[in-house]
Amino acid sequence: MWLLIAFIVVPLIEIALFIQVGGAIGLWPTLGVVLATAVIGSWLVRTQGLLALGELQGSFQRLSDPTEPLAHGAMILFAGALLLTPGFFTDGIGFLLLFPPTRKLILQELRKRIKVQRFSMGSGTHGFAQTRSGPDGDIIDGEFTEAPEPPIKSQKPSGWTQH
């Protein structure tokens with residue numbers, strides 16, 4: 001139901017804003033502003049997205065919980081979609097989502113409503129698995145499998161070179 005309301009209300013808000021802004025500054029300046037926000041928004045989405053990707057890679061390297069960088073990345077992706085949609089209302093929301101303090105505030109509100117019970121990386125049968133408990137990571141559980149020794153190759157020439 002909320003999605004239906006959004007699909008009806010948002011275009012009405014955009015049309016009203018286009019009429020108001022177009023009446024105040026004219027047709028061509030209005031179209032210029034819409035084009036400029038799309039170009040600037042695309043650049044900001046790219047830079048913020050690269051920063052979020054770096055944070056995500058860092059969390060994987062530290063073997064820490066990647067939910068925050070993933071959530072930031074999802075909000076940046078959503079902001080990009082809003083900024084590429086022509087309109088002043090969607091551009092305003094898109095630009096707000098590109099600011100890290102806004103994303104952190106949204107993430108804090110989401111954390112109040114969503115409770116993560118467990119986080120683990122890897123699989124339990126092959127390679128590496130880790131389970132952390134408590135704020136300091138009191139319990140660490142790991143598994144490994146031994147790789148077979150590679151066969152020793154003979155030192156014969158490959159045939160590609162001549163001796």
Side-chain angles (χ1 to χ4, degrees), residues 1-14 17-18 21 32-153 158:
M1 184 68 179
W2 288 105
L3 192 59
L4 176 64
I5 293 171
F7 276 119
I8 294 171
V9 172
V10 170
L12 290 176
I13 292 171
E14 294 292 6
L17 286 172
F18 271 124
V21 172
V33 168
V34 170
L35 184 62
T37 58
V39 170
I40 294 168
S42 297
W43 178 77
L44 286 171
V45 165
R46 178 184 162 110
T47 57
Q48 290 290 313
L50 289 173
L51 289 172
L53 184 60
E55 291 175 14
L56 180 63
Q57 288 174 340
S59 71
F60 285 145
Q61 289 173 350
R62 293 184 307 274
L63 297 176
S64 62
D65 186 5
T67 54
E68 187 170 338
L70 283 171
H72 282 280
M75 286 187 267
I76 291 168
L77 183 65
F78 186 62
L82 290 174
L83 287 167
L84 291 176
T85 303
F88 296 108
F89 180 69
T90 53
D91 286 349
I93 295 172
F95 279 121
L96 280 175
L97 284 174
L98 287 180
F99 291 115
T102 305
R103 293 195 308 263
K104 287 182 181 181
L105 182 66
I106 292 171
L107 196 55
Q108 285 175 353
E109 290 300 315
L110 285 174
R111 281 186 178 144
K112 291 178 185 176
R113 299 168 193 235
I114 298 172
K115 179 71 175 159
V116 176
Q117 296 293 328
R118 181 174 178 217
F119 171 76
S120 66
M121 293 182 70
S123 63
T125 57
H126 299 290
F128 178 84
Q130 174 180 348
T131 304
R132 291 184 184 249
S133 168
D136 298 333
D138 304 2
I139 301 170
I140 299 175
D141 180 27
E143 297 179 16
F144 71 95
T145 55
E146 289 188 32
E149 292 288 326
I152 299 173
K153 295 182 180 181
S158 66

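Side-chain atoms are counted along with the backbone in the values below, which use heavy atoms only and exclude waters and symmetry mates.
A 4.5 Å side-chain heavy-atom check between Leu82 and Leu97 finds at least one atom pair inside the cut-off. Contact check for Glu68 versus Arg111: side-chain heavy atoms found under the 4.5 Å cut-off. Residues Pro86 and Glu14 have side chains not in contact (no heavy-atom distance under 4.5 Å, counting atoms from C-beta outward).
Exactly one of Thr90, Leu98, Leu44 qualifies for a side-chain contact (heavy atoms from CB on, under 4.5 Å) with Leu83. That residue is Leu98.
Of all heavy-atom pairs spanning Leu107 and Ala71, the tightest one is CD1-CB, 3.5 Å. In this structure, Pro66 and Leu56 approach most closely via the heavy-atom pair CB-CD1, 3.8 Å. Here the shortest heavy-atom pairing between Leu84 and Ser42 reads CD2-OG, 3.5 Å. The shortest non-hydrogen separation linking Thr37 to Asp91 is OG1-OD2, 2.7 Å.
Going from atom CG of Leu53 over to atom CD of Gln57 covers 4.5 Å, rounded to the nearest 0.5 Å. In this structure, CG in Leu17 is found 8.5 Å from CZ in Phe89, a value given to the nearest 0.5 Å. In this structure, the separation between CG on Leu77 and CD on Gln48 is 13.5 Å, given to the nearest 0.5 Å.
Every side-chain contact (heavy atoms from CB on, under 4.5 Å) that Ala52 has, sequence neighbours left out, goes to Ile76. Judged as a side-chain contact (heavy atoms from CB on, under 4.5 Å), and not counting sequence neighbours, the contacts of Ile8 are Leu4, Leu12.
For residues 71-84, every residue pair satisfying the side-chain hydrogen bond (donor to acceptor under 3.5 Å, both in side chains) rule, not counting sequence neighbours, is listed here: His72-Arg103.
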